[in-house]
Amino acid sequence: MSVYRWKSFHENEDRPEKPRRYGVTEMRGPHYTLLTQNVLQDILESKGQFVDGLKFSGGSHSLMSKAFIKEITEMAHKHDVYVSTGQWAEHLLRQGPSAFKEYVQECKQLGFDTIELNVGSLEVPEEVLLRFVRLIKSGGLKAKPQFSVKFNKSDIPIAGDRAFGAHIVPVPRSSEIVEDIDLLIRKAERCLEAGADMIMIEADDVCKYADSLRTDFVAKIIGRLGLEKTMFEASNSKTSEWFVKRYGPRVNLFVDHSQVMDLECLRGSSLGKNHASVLGSSYFLF
C-alpha cells in the first residue's frame, strides 16, 4: 500500500495554501475536453491541492442538467476549488434587461462562485459593463471580466536572422481591429473599482504562443493592474513556463487540466518539469 504525501507550501518558497489570492491555477473544465464526473473526481483527488478554480468554458453548463452541474460544483467545493461559469453572459442580452439578474441568481443556486464576463462579446457601453459587475457582486458572487487584445499582425517583426540592412518586402497591413492597450487597461481598472475580483486576459494575440508573446502588453497590464488582480490564459506548457520564469510563482494562470502538474512543478523553486521534485522526500511510503 502506498501513502502519498504532497509538498507543503511556505510563503517564501512558492505561495500560501488555499484559498490563495495569488499564484492561482484555474483549470479548464468541460467543453474543450470532455470530462466525465468520474474523471473530474480523479483529477481533483490527485491534484486538488494544486487547483484553485474550475471553469466551465464556452457556456458548456448551459447544455447540462442542473442536477449534474450541482454535483460538479459540490465536488469542487469539497476540494476547496471555486467554480466559474466561463463565457456565457453575453447570450443573455437578447432576453431583456432582467435576464442577467436572473442568471446571477441561478448561478448562485447551482453553486457557482464566479461569473466571467467576456467584454468583447458583450459589446455594451462601459457603464452597462460596470453595472453587470455590481449586479454580480450584489448577488454574492465574484466577478471576473475577460478582455482580449487585438493588434495588427503586420506590426510584429519578422522572425529569423537576416543580414544588416537587408531589404524586407513590405507586409500588407491586416484588417484586424487594433486595440488601444491603455484604453483596455483603463476599462479593467474601472471594473476593479466597481468590485471585480480579477481581470482575465485571453490568450489570443497576446500569449497564445511562447514564440510570439506580446511581452510589452503583458508587462503593461501587470504593471498597471497588479499581479494579484490579473489572470492570463496559458494555451500550452511553454507559455506557462515563460510566465512563471518572468513573473514568478505568484502569477495567476488559466490552463488545461493536463497542464496542472507541469505548472505546479514550474511554480516550485526552479524545479523545472521534474514531477518528483514537488513531492515530499517520502512520496512513496511502503
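Excluded from the calculations below are hydrogen atoms, water molecules and symmetry mates; all remaining heavy atoms, backbone and side chain alike, are included. Count residues from 1 along the sequence.
Using bins of under 30°, 30° to 60° and over 60° for the plane-to-plane angle, the ring pair Trp242/Tyr247 lands in the perpendicular bin.
Exactly one residue among Arg190, Lys187, Arg134 makes a salt bridge (charged side-chain N to carboxylate O under 4.0 Å, His left out) with Glu127. That residue is Arg190. Screening Glu26, Lys18, Lys142 for a side chain to side chain donor-acceptor pair (under 3.5 Å) with Tyr82, the sole residue that qualifies is Glu26.
The shortest heavy-atom contact between Val119 and Pro145 is CG2-CB, 4.0 Å.
There is a path of hydrophobic side-chain contacts, each under 4.5 Å, that joins Tyr103 to Leu122. Each of Phe132 and Leu130 belongs to its own hydrophobic cluster when Ile, Leu, Val, Met, Phe, Trp and Tyr are linked at side-chain heavy-atom distances under 4.5 angstrom.
A search for side-chain contact (heavy atoms from CB on, under 4.5 Å) contacts involving Val83 returns Phe56, Thr73, Ala76, His77, Phe112, Asp113, not counting sequence neighbours. Under the side chain to side chain donor-acceptor pair (under 3.5 Å) criterion, Lys78 pairs with no residue, sequence neighbours left out.
Using a 4.0 Å cut-off between charged side-chain N and carboxylate O, Glu193 and Arg186 make a salt bridge. Look at Glu264 and Lys47 and you find no salt bridge, because none of the NZ, NE, NH1 or NH2 atoms lies under 4.0 Å from a carboxylate O.
In this structure, Ile115 and Ser84 have side chains that are not in contact, with every pair of non-hydrogen atoms separated by 4.5 Å or more.
Neither side chain, Arg20 nor Thr25, offers a donor N or O lying under 3.5 Å from an acceptor on the other. For Gln105 and Gln109, the side-chain atoms include no donor-acceptor pair closer than 3.5 Å.
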- Task: Report the C-alpha distance between Lys229 and Asp197 in whole Å, list the side-chain angles of each, state the deciding distance to 0.1 Å, and finish with yes or no for salt bridge (Lys or Arg N to Asp or Glu O under 4.0 Å).
- Result: CA-CA 7 Å; Lys229 291 296 184 179; Asp197 298 270; 5.7 Å; no
- Test side chain to side chain contact (heavy atoms under 4.5 Å, CB included) applied to Arg267 and Leu253, step by step: CA-CA 11 Å; Arg267 289 192 194 276; Leu253 295 176; 4.2 Å; yes
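In this structure, the ring of Phe254 has its center no less than 6.0 angstrom from the ring center of Phe232.
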